[in-house]
Amino acid sequence: MTIISIRTGQIITMLLLKRASSFASHALRRATHSASTTSSIVSTINDAATTSAIDLFQPFFPILYNDVYEVPLPPNHRFPMEKYRKVRERVQHAIQSHLPHDAGKVQYEFAVSPLVTVQDLETTHCPDYIQRYLDGNQTKEELRNVGFPWSPMGVDRSSSSTGGTVAAATLLCKVKRKQKAYLQDVAKHMDDKSEMNEAKMGLLFSAHVAGGTHHAFRDRGEGFCVFSDIAVAANVLLRDFPDLVKKILIIDLDVHQGNGNAVLFQGVEEVKTFSMHCNANYFSAKQDSDLDIELPPETTDATYLATLHHWLNRFRRGDAGELDFIFFQAGVDILEDDRLGRMSISQEGIARRNEMVFDLAKDLKVPLCITMGGGYPKRDWEPILKAHANVYIQAFEYLVDHCNK
């Protein structure tokens, strides 16, 4: 049996052959969007490089980030724009500090999120809405509902927030396809098929230190969300990987309901939406997810974790069907220290929440894509930064603990 080795830190650079420039001009970006004939980031992945670069038996963990598009906001604006850079720096430092002790156990790299293509956006959002946003032709009411002033840099930030999640998800599917092809090839030459099965393949997690913009609808945004990154990524997977992805689960554990995703996937059997949130924290009309679990204000760890455990076990038993992919909206505004959250979950409670989601993906042997979601600091930013960063650090450590070496 041949196991192909990899040098840590070269995964994404070989897989993502095209990445957006950190300081591309708005005109160039718009021309790229308009002229692009590429359906998604998948078409920029070099199959030969993927085959030779990835150890299919070890965990794979690409980490994308878009804080190069940090947009200046008016004084006293409620949105914590700087948290994305601060969180990414913490995660990067923590993961790199694991080396050389854990070198080779997890295949990972940090990479700048690419800008999403118009064609990918149109899998989910109204073409007129997309074009008006890209051109800066929205009404004052539309901008007020989103909560951001329009700017070319803001367009790049929103585009990369979606593009990064699309890239993070499609990278996993490319590697999953390689794993399946390898198993099929090996099975042709083995008498005892029990010696080689999917359980021996490396776990596939990916992360976007951004995204989780679950309040965007088909033709409008709200609540700091312009496009729904998870919805676009889910629709891209269904379009580009029909051999691999037939059923997707969105696990949304932000304090707010994933109302945009609920509407975007109503009546779509291929995507199941699960939102567990505070019942006193709606800022617009409540929508119907496939499964909505409402918890009261000041909910503490015991109730929260017992409730989550019950419903994740239902998915583990197949209540949502046979799953092929999971998105995890990992908002930390359920934290007791959050400015807007109204719940009372501890740092330890969030860590246990994360582990339960990781366990589900591992047990079901499906790829898991993690996005950031909400988290709003009070005067002291430390609790929110810690909780956000720990989602990604914990995912890396989980993969280290479940590597095959």
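Computed from a prediction, not measured in an experiment: that's the story for all the values here. Because only heavy atoms are used, hydrogens play no part in the values below, and waters and symmetry mates are left out as well, while side chains stay in.
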- [ ] Inspect the surroundings of CZ in R78 and state if more than 12 heavy atoms from other residues, nucleotides or ligands are less than 6.0 Å away.
- [x] no
- [ ] Could you label the plane-to-plane angle of the H77 and F148 rings as parallel, tilted or perpendicular, counting under 30° as parallel and over 60° as perpendicular?
- [x] parallel
TODO: Pick out which of R157, R85, R88, K86 makes a salt bridge (charged side-chain N to carboxylate O under 4.0 Å, His left out) with D67.
DONE: R88
Task: Pair Y182 + F57: ring centers closer than 6.0 Å - done: yes
Task: Q257 side chain to Q287 backbone, donor-acceptor under 3.5 Å - done: yes
Open item on the list: Determine whether a donor-acceptor pair (N or O, by modelled atom type, separation under 3.5 Å) exists between the side chain of D292 and the backbone of F274.
Closed with: no
Task: Point-to-point distance, once rounded to the nearest 0.5 Å, from CZ of R314 to CG of D319 - done: 4.0 Å
Open item on the list: Would you say the rings of H388 and Y84 are close, in the sense that their centroids are separated by under 6.0 Å?
Closed with: no
TODO: Measure the spacing between CG of D252 and OG of S289 and express it to the nearest 0.5 Å.
DONE: 7.5 Å
Open item on the list: Quick one about H208 and T165 (side-chain donor to acceptor, distance below 3.5 Å, no hydrogens or angles considered), yes or no?
Closed with: yes
TODO: Inspect the contact between D363 and R316 and indicate whether a charged nitrogen and a carboxylate oxygen are less than 4.0 angstrom apart.
DONE: yes
TODO: Assess the side chains of S113 and Y69: does a donor N or O sit below 3.5 Å from an acceptor N or O?
DONE: no
Open item on the list: If the threshold is 4.0 Å, N to carboxylate O, is there a salt bridge linking K272 and E322?
Closed with: no
Open item on the list: Donor-acceptor pair, distance only, cut-off 3.5 Å: does the side chain of D324 make one with the backbone of K246?
Closed with: yes
Task: Pair T273-N261, side-chain donor/acceptor within less than 3.5 Å - done: no
Open item on the list: Are F60 and Y108, when compared by the centres of their aromatic rings, separated by less than 6.0 Å?
Closed with: no
TODO: Answer whether the closest heavy-atom distance between the side chains of Y133 and Q138 falls below 4.5 Å.
DONE: yes
Open item on the list: For a 4.5 angstrom cut-off between non-hydrogen side-chain atoms, does W311 reach L291?
Closed with: yes
Open item on the list: Using modelled atom types and a 3.5 Å cut-off, is there a donor and acceptor pairing between side-chain atoms of S160 and backbone atoms of P114?
Closed with: no
Open item on the list: For the residue pair H402 / K362, report whether a side-chain donor-acceptor contact shorter than 3.5 Å exists.
Closed with: no
TODO: Compute whether any side-chain donor of one residue and acceptor of the other, for D288 and Q266, lie under 3.5 angstrom apart.
DONE: no
Open item on the list: For R342, I'd like to know if atom CZ has over 12 heavy atoms of other residues, nucleotides or ligands within 6.0 Å.
Closed with: no
- [ ] Check the side chains of D156 and S159 for a donor-acceptor pair under 3.5 angstrom, ignoring hydrogens and angles.
- [x] no
Open item on the list: Do I334 and L253 have side chains that approach each other closer than 4.5 Å (heavy atoms only, starting at C-beta)?
Closed with: no
- [ ] Please round to the nearest 0.5 Å and tell me the distance separating atom CD1 of I345 and atom CD1 of I350.
- [x] 7.5 Å
Task: Sub-4.5 Å side-chain heavy-atom contact between R177 and K180 - done: no
Open item on the list: Run R353 and Y304 through side chain to side chain contact (heavy atoms under 4.5 Å, CB included) and show every step you take.
Closed with: CA-CA 9 Å; R353 172 201 77 168; Y304 185 92; 3.5 Å; yes
Task: Contact check, side chains of I63 and I95, non-hydrogen atoms, under 4.5 Å - done: yes
Open item on the list: For Y392 versus V209, what's the shortest heavy-atom pair and its separation?
Closed with: OH-CA, 3.5 Å
- [ ] Would you tell me whether E294 and Y282 have side-chain atoms, one donor and one acceptor, within less than 3.5 Å of each other?
- [x] yes
Task: Any P59 side-chain heavy atom under 4.5 Å of Q107 side chain - done: no
- [ ] Give, for atom CG of L340 and atom CG of L335, the distance between the pair rounded to the nearest 0.5 Å.
- [x] 12.5 Å
Open item on the list: Run R239 and D120 through salt bridge (Lys or Arg N to Asp or Glu O under 4.0 Å) and show every step you take.
Closed with: CA-CA 10 Å; R239 181 194 68 195; D120 283 354; 2.7 Å; yes
Task: Backbone N/O of L295 and side chain of H277: donor-acceptor pair under 3.5 Å - done: no
Open item on the list: Take a 6.0 Å sphere around NE2 of H93 and say whether it holds more than 12 heavy atoms from other residues, nucleotides or ligands.
Closed with: no
Task: Check: E222/N259 side-chain N/O donor and acceptor closer than 3.5 Å - done: yes
Open item on the list: What I'd like to find out is whether the side chain of L73 reaches to under 4.5 Å of the side chain of P149, using heavy atoms alone.
Closed with: yes
Open item on the list: Nearest 0.5 angstrom please: I130 CD1 to F227 CZ, how far?
Closed with: 6.0 Å
Open item on the list: Is a donor from one side chain sitting under 3.5 angstrom from an acceptor on the other, for N66 and S161?
Closed with: no
Open item on the list: Between F358 and L203, is there a side-chain heavy-atom distance shorter than 4.5 Å?
Closed with: no
Open item on the list: Quick test of your reading of the model: are R144 and E141 salt-bridged, counting only N-O distances below 4.0 Å?
Closed with: no
Task: Euclidean distance, L264 CG relative to S228 OG, rounded to 0.5 Å - done: 5.5 Å
Open item on the list: Counting only heavy atoms from other residues, nucleotides and ligands, does the tally under 6.0 Å from NZ of K386 exceed 12?
Closed with: no
Open item on the list: For the residue pair T371 / Q329, report whether a side-chain donor-acceptor contact shorter than 3.5 Å exists.
Closed with: no
Task: Centroid separation F327 to F325 less than 6.0 Å - done: yes
